[in-house]
Amino acid sequence: MHHLSTILVLLVALLHVWILILEMFLWTKPPGLKAFRNTPEKAELTKVLAANQGLYNGFLAAGLFWSLVHPDPVIAFQLKAFFLGCVIVAALYGAWSVSRRILIIQGLPALVALAITLAFANPYMAVAPVSG
C-alpha cells in the first residue's frame with residue numbers, strides 16, 4: 001500500500017504541473033480557454049493573475065515531488081501530509097470562490113492520496129520489533 005500512496009502523490013503532483021502549464025502558458029489558448037470555461041476577452045484580462053496562480057500550483061507540485069524523493073521516511077511523510085493538505089485547502093477555497101469543479105478535480109485526488117498515505121504509508125504507525 002506504500003506504493004499506492006507514492007503513485008497517488010505522484011499523480012497529484014503531475015496534475016498540478018498540468019495546471020501550472022494551463023495557467024501560465026495556455027491560459028489564452030484553446031486548451032486553457034476550454035479547461036477554465038473562459039472567453040478570449042476575459043482570459044486576456046486575467047492572464048497575469050492566472051500565471052500567478054499557475055506558479056503557486058507549481059510550488060505545490062514541487063513540494064509533492066520533494067516528498068517523493070526525500071531520503072528520510074519520516075520527513076517525506078510530513079512533506080506529503082503538508083503539501084497534500086495545502087492542495088485540499090486550496091481546493092476548498094477555489095470551490096468556494098470560483099467553481100465547485102475545483103473540489104472534484106483538485107481536492108478529491110489530494111484527499112484520497114492523503115487518506116491512503118495516512119493509513120498505509122505512515123512511519124509513525126510502524127510497529128517496533130519486540131525484543132525478548
Side-chain angles (χ1 to χ4, degrees):
M1 285 299 217
H2 184 271
H3 294 299
L4 180 58
S5 167
T6 298
I7 290 166
L8 292 173
V9 171
L10 177 62
L11 290 174
V12 173
L14 291 171
L15 172 64
H16 282 79
V17 169
W18 176 239
I19 294 169
L20 172 148
I21 292 167
L22 284 170
E23 291 177 339
M24 292 190 81
F25 307 110
L26 301 176
W27 186 255
T28 59
K29 310 275 190 287
L33 295 172
K34 181 179 178 186
F36 296 101
R37 299 177 179 172
N38 231 342
T39 64
E41 298 79 20
K42 184 178 176 190
E44 192 59 40
L45 290 172
T46 58
K47 68 182 179 182
V48 173
L49 293 172
N52 188 53
Q53 286 176 183
L55 185 62
Y56 286 104
N57 279 290
F59 292 145
L60 292 173
L64 291 169
F65 286 127
W66 181 25
S67 78
L68 294 172
V69 299
H70 200 285
D72 183 321
V74 173
I75 294 173
F77 170 79
Q78 292 169 348
L79 290 168
K80 286 176 189 173
F82 175 78
F83 283 100
L84 289 169
C86 288
V87 170
I88 293 165
V89 170
L92 287 168
Y93 184 76
W96 175 77
S97 63
V98 178
S99 169
R100 289 189 206 152
R101 288 178 48 220
I102 294 171
L103 194 56
I104 302 302
I105 294 169
Q106 288 178 262
L108 186 59
L111 184 61
V112 170
L114 181 60
I116 295 295
T117 299
L118 291 174
F120 301 110
N122 187 339
Y124 295 105
M125 302 296 283
V127 177
V130 177
S131 59

### Query
Taking side chain as C-beta onward, heavy atoms only, is Leu20 less than 4.5 Å from Phe25?
yes

### Summary
Of all heavy-atom pairs linking Leu33 and Ala43, the shortest is CD2-CB, 3.5 Å

### ILVMFWY cluster, Val112 and Phe120 together (side-chain gap under 4.5 Å)
yes

#### Entry: Side-chain heavy-atom pair Thr117, Leu8 within 4.5 angstrom cut-off
no

### Query
In terms of hydrophobic clustering (I, L, V, M, F, W, Y; side-chain heavy atoms under 4.5 Å; direct or indirect links), are Ile19 and Leu11 co-clustered?
no

### Task
If the plane angle is over 60° it's perpendicular, under 30° parallel, otherwise tilted; pick one for Phe36 and Trp27.
tilted

### Side-chain (Thr46) to main-chain (Leu49) donor-acceptor, under 3.5 angstrom
no

### Message
To the closest 0.5 Å, what do you measure between CD (Gln106) and CG (Asn57)?
### Response
5.5 Å

### Query
Do side-chain atoms of Asn52 reach the backbone of Val48 as a donor and acceptor pair under 3.5 angstrom?
no

### Message
What's the separation between atom CG in Leu60 and atom CG in Leu84, rounded to the nearest 0.5 Å?
### Response
9.5 Å

### Query
Do Ile105 and Phe83 belong together in a cluster built from hydrophobic side chains that touch within less than 4.5 Å?
no

### Message
Same cluster or not: Leu4 versus Leu108, using hydrophobic residues (I, L, V, M, F, W, Y) connected whenever any side-chain heavy atoms lie under 4.5 Å apart?
### Response
yes

### Task
Any chance you could measure Lys47, atom NZ, to Lys29, atom NZ, to the nearest 0.5 Å?
8.0 Å

### Message
So, taking the atom named CD1 in Ile7 and the one named CG in Leu14, what distance separates them when rounded to the nearest 0.5 Å?
### Response
11.5 Å

### Gln78 side, atom CD; Asn122 side, atom CG - distance, nearest 0.5 Å
10.0 Å

### Task
Under the side-chain contact (heavy atoms from CB on, under 4.5 Å) rule, what do Trp18 and Leu26 come out as? Steps first, then yes or no, please.
CA-CA 10 Å; Trp18 176 239; Leu26 301 176; 4.1 Å; yes

### Query
Phe77 and Ala121: which non-hydrogen atoms are nearest, and at how many Å?
CD1-O, 3.4 Å

### Query
At their closest point, which heavy atom of Ala13 faces which heavy atom of Ala61, and how far apart are they?
O-CB, 3.5 Å

### Closest approach of Ala113 to Val12 (non-hydrogen atoms, all atoms of both residues)
CB-CG2, 4.2 Å

Taking only distance into account, with no hydrogens and no angle test, what donor-acceptor pairs under 3.5 Å do side-chain atoms of residues 65-74 form with protein atoms, sequence neighbours excluded?
{"from": "Ser67", "atom 1": "OG", "to": "Leu64", "atom 2": "O", "distance (Å)": "2.6"}
{"from": "His70", "atom 1": "ND1", "to": "Asp72", "atom 2": "N", "distance (Å)": "3.1"}
{"from": "Asp72", "atom 1": "OD1", "to": "Val74", "atom 2": "N", "distance (Å)": "2.8"}
{"from": "Asp72", "atom 1": "OD1", "to": "Ile75", "atom 2": "N", "distance (Å)": "3.3"}

### Query
Should Val87 and Leu15 be regarded as members of a common hydrophobic cluster, given that ILVMFWY residues are connected when their side-chain heavy atoms come within less than 4.5 Å of each other, either directly or indirectly?
no

### Message
Against Leu103, only a single residue in Ile88, Leu111, Leu92 fulfils side-chain contact (heavy atoms from CB on, under 4.5 Å); can you say which?
### Response
Leu92

### Query
Looking at side-chain heavy atoms only, is the closest gap between Lys80 and Leu118 below 4.5 Å?
no

### Task
For residues Ile102 and Ala95, report the shortest heavy-atom separation together with the two atoms involved.
CB-N, 4.2 Å

### Query
What closest approach, in Å, do Arg101 and Ala35 show between heavy atoms, and which atom pair accounts for it?
NH2-O, 3.4 Å

